[in-house]
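Note that the numbering runs from 1 along the sequence shown for the chain.
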Amino acid sequence: MNLKQQITEDMKAAMRAGDTKRRDAIRLLRAAIKQREIDERIELDDVAVIAVIEKMLKQRKDSIAQYEAARRDDLADTEKYEVSVLQAYMPEALSDTEVEGIIGKAISAVGAKGQQDMGRVMGVLKSELAGRADMSKVSALVRAKLAT
């Protein structure tokens with residue numbers, strides 16, 4: 001069963017259980033997936049679905065920060081719940097040591113010498129670490145390694 005089918009089955013299960021919060025969060029995800037499929041006129045595979053989920057997670061985290069700054073804890077709690085639902089569909093995250101090892105391999109594979117090679121290194125890493133590591137942290141680690 002692919003990821004889209006799993007999401008659909010989870011939504012049906014939430015509907016049967018009467019879990020409206022979970023159902024609504026999954027519906028938002030399904031709508032985002034469907035919108036991207038319609039916009040690009042393609043059928044999304046698991047990697048593309050994970051990219052949609054990553055984008056939604058980033059949006060939710062930004063919203064949480066803004067809601068908490070405005071002291072709107074009710075809205076922040078809703079966003080936090082949606083993050084927990086979306087996070088369940090993400091692949092297992094890699095540890096920091098695993099990420100650093102992969103970064104080292106990518107730098108040597110590309111033959112990177114300095115900051116000017118950052119784009120090539122990140123291009124290799126993006127496909128390998130998609131959904132398994134926070135790419136902003138990966139970018140900072142790559143920048144630090146290339147600076148030395």
Side-chain angles (χ1 to χ4, degrees), residues 1-110 112 117-145:
M1 182 180 318
N2 69 23
L3 194 52
K4 277 181 25 181
Q5 292 170 335
Q6 180 64 47
I7 291 167
T8 302
E9 292 303 314
D10 289 350
M11 188 182 75
K12 289 177 185 177
M15 289 170 74
R16 283 188 211 106
D19 188 352
T20 57
K21 283 178 63 175
R22 183 169 176 76
R23 179 202 64 200
D24 292 345
I26 295 173
R27 277 187 178 165
L28 286 172
L29 173 57
R30 285 190 38 153
I33 292 169
K34 191 69 171 169
Q35 182 65 47
R36 178 139 178 236
E37 286 180 336
I38 290 170
D39 288 347
E40 297 180 14
R41 292 185 174 97
I42 58 169
E43 184 78 17
L44 295 181
D45 60 354
D46 284 354
V47 174
V49 171
I50 288 172
V52 171
I53 296 170
E54 282 180 327
K55 182 178 179 182
M56 291 181 71
L57 282 169
K58 186 175 186 316
Q59 290 171 340
R60 298 297 174 286
K61 289 175 183 175
D62 290 344
S63 296
I64 289 168
Q66 291 176 0
Y67 289 145
E68 287 176 344
R71 295 197 174 123
R72 291 296 311 264
D73 294 331
D74 54 330
L75 296 174
D77 290 342
T78 302
E79 296 290 323
K80 287 176 184 174
Y81 180 76
E82 289 176 8
V83 165
S84 70
V85 171
L86 293 172
Q87 200 68 48
Y89 297 110
M90 294 297 288
E92 188 175 325
L94 296 173
S95 70
D96 290 341
T97 28
E98 290 172 317
V99 170
E100 288 180 14
I102 292 171
I103 289 171
K105 289 178 188 172
I107 289 173
S108 60
V110 171
D117 298 321
M118 175 121 178
R120 292 188 321 166
V121 174
M122 288 304 294
V124 170
L125 291 172
K126 186 168 178 127
S127 62
E128 196 168 339
L129 296 177
R132 298 170 48 199
D134 182 358
M135 293 309 287
S136 61
K137 290 180 183 176
V138 170
S139 176
L141 288 170
V142 169
R143 186 171 289 118
K145 282 195 182 241

Using 0.5 Å steps for rounding, measure from the [atom1] atom of [X] to the [atom2] atom of [Y].
| X | Y | atom1 | atom2 | value |
| --- | --- | --- | --- | --- |
| Ile7 | Leu86 | CD1 | CG | 8.5 Å |
| Met11 | Arg30 | CE | CZ | 4.0 Å |
| Leu75 | Lys80 | CG | NZ | 11.5 Å |

Check: Does the side chain of Asp74 come under 3.5 Å of the side chain of Tyr67 through a donor N or O and an acceptor N or O?
Finding: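 There is no such pair between these side chains.
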
Next item on the list: For the residue pair Gln6 and Asp10, confirm or rule out a side-chain donor-acceptor distance under 3.5 Å.
Entry: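 The criterion, which ignores hydrogens and geometry beyond distance, is satisfied for Asp10 and Gln6.
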
Enumerate donor-acceptor pairs with a distance under 3.5 Å from any side-chain N or O in residues 117-127 to protein atoms, sequence neighbours excluded.
residue : atom : partner : partner atom : Å
Asp117  : OD1  : Arg120  : NH2          : 3.4
Asp117  : OD2  : Lys113  : N            : 2.7
Arg120  : NH2  : Val110  : O            : 3.4
Ser127  : OG   : Val124  : O            : 3.1

Margin query: Between Asp46 and Tyr89, is there a side-chain heavy-atom distance shorter than 4.5 Å?
Written below: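 Of all side-chain heavy-atom pairs linking Asp46 with Tyr89, none is under 4.5 Å.
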
Notebook entry, point to check: Less than 4.5 Å apart, any side-chain heavy atom of Ile26 and any of Thr8?
Noted result: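 In short, these two side chains do not touch, never coming nearer than 4.5 Å.
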
Looking at [Y], is its backbone amide N or carbonyl O close enough to the side chain of [X] to form a donor-acceptor pair, meaning the two atoms are under 3.5 Å apart?
| X | Y | value |
| --- | --- | --- |
| Gln5 | Asn2 | yes |
| Ser63 | Gln59 | yes |
| Glu37 | Leu44 | yes |

Next item on the list: From the options Arg60, Lys21, Arg22, Arg27, select the one residue that forms a salt bridge (Lys or Arg N to Asp or Glu O under 4.0 Å) with Glu82.
Entry: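 The option that passes is Arg60.
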
Margin query: Tell me which pairs pass salt bridge (charged side-chain N to carboxylate O under 4.0 Å, His left out) where either residue lies in residues 50-59, with sequence neighbours left out.
Written below: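 Checked against salt bridge (charged side-chain N to carboxylate O under 4.0 Å, His left out) - neighbours excluded - the pairs reaching residues 50-59 are Lys58-Asp62.
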
Going by atom type alone, with no hydrogens or angles, which donor-acceptor pairs under 3.5 Å involve a side-chain atom of residues 97-108 and a protein atom two or more places apart or on another chain?
residue : atom : partner : partner atom : Å
Thr97   : OG1  : Ser95   : OG           : 3.2
Glu98   : OE1  : Ser95   : N            : 2.8
Glu98   : OE1  : Ser95   : OG           : 3.3
Ser108  : OG   : Gly104  : O            : 3.3
Ser108  : OG   : Lys105  : O            : 2.9

